[in-house]
Amino acid sequence: MNLTELEIEALKLDPADRARLAEKLLESLETLSEQENQEVWVDEAARRDADFDPSKARSAEDVLRDVRSRFA
């Protein structure tokens, strides 16, 4: 089973089971060495950079204006 298939199956779980799974996964990250932790974050940063679409980016001013209008 690859990661995509695993994600699909995990999302089929009821909320309580998903929460338990999330807790276990987060706990497993707490035992990483400093080097492993750094590698995880470098990989995540690279993934986010690859996923970034500048055509969908919004200025901070626009975002803050929208947030303020929702909570005003």
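We number each residue from 1, following the sequence as shown. Bear in mind that the values here come from a model prediction, so they are computed numbers and not experimental data.
Q38 and E34 are not linked by any side-chain donor-acceptor pair at a separation below 3.5 angstrom, with hydrogens and angles left out of the test.
One finds no salt bridge joining R47 and D43 here, because no Lys/Arg side-chain nitrogen approaches an Asp/Glu carboxylate oxygen to under 4.0 Å. Under 4.0 Å is where a charged nitrogen must lie from a carboxylate oxygen, and between E27 and K24 no such pair does.
Note on residues 54-72: pairs passing salt bridge (charged side-chain N to carboxylate O under 4.0 Å, His left out), not counting sequence neighbours, are R58-D66, D62-R65.
For E5, the CD atom sits in a packed shell: over 12 heavy atoms of surrounding residues, nucleotides or ligands are nearer than 6.0 Å.
With values rounded to the nearest 0.5 angstrom, I8 atom CD1 is found 9.5 Å from M1 atom CE. Taking CG of L29 as the start and OG1 of T31 as the end, the distance is 7.5 Å to the nearest 0.5 Å. Between L21 atom CG and D17 atom CG the span is 8.5 Å, to the nearest 0.5 Å.
Side-chain atoms of E36 come within 3.5 Å of backbone N or O of S33 as a donor-acceptor pair.
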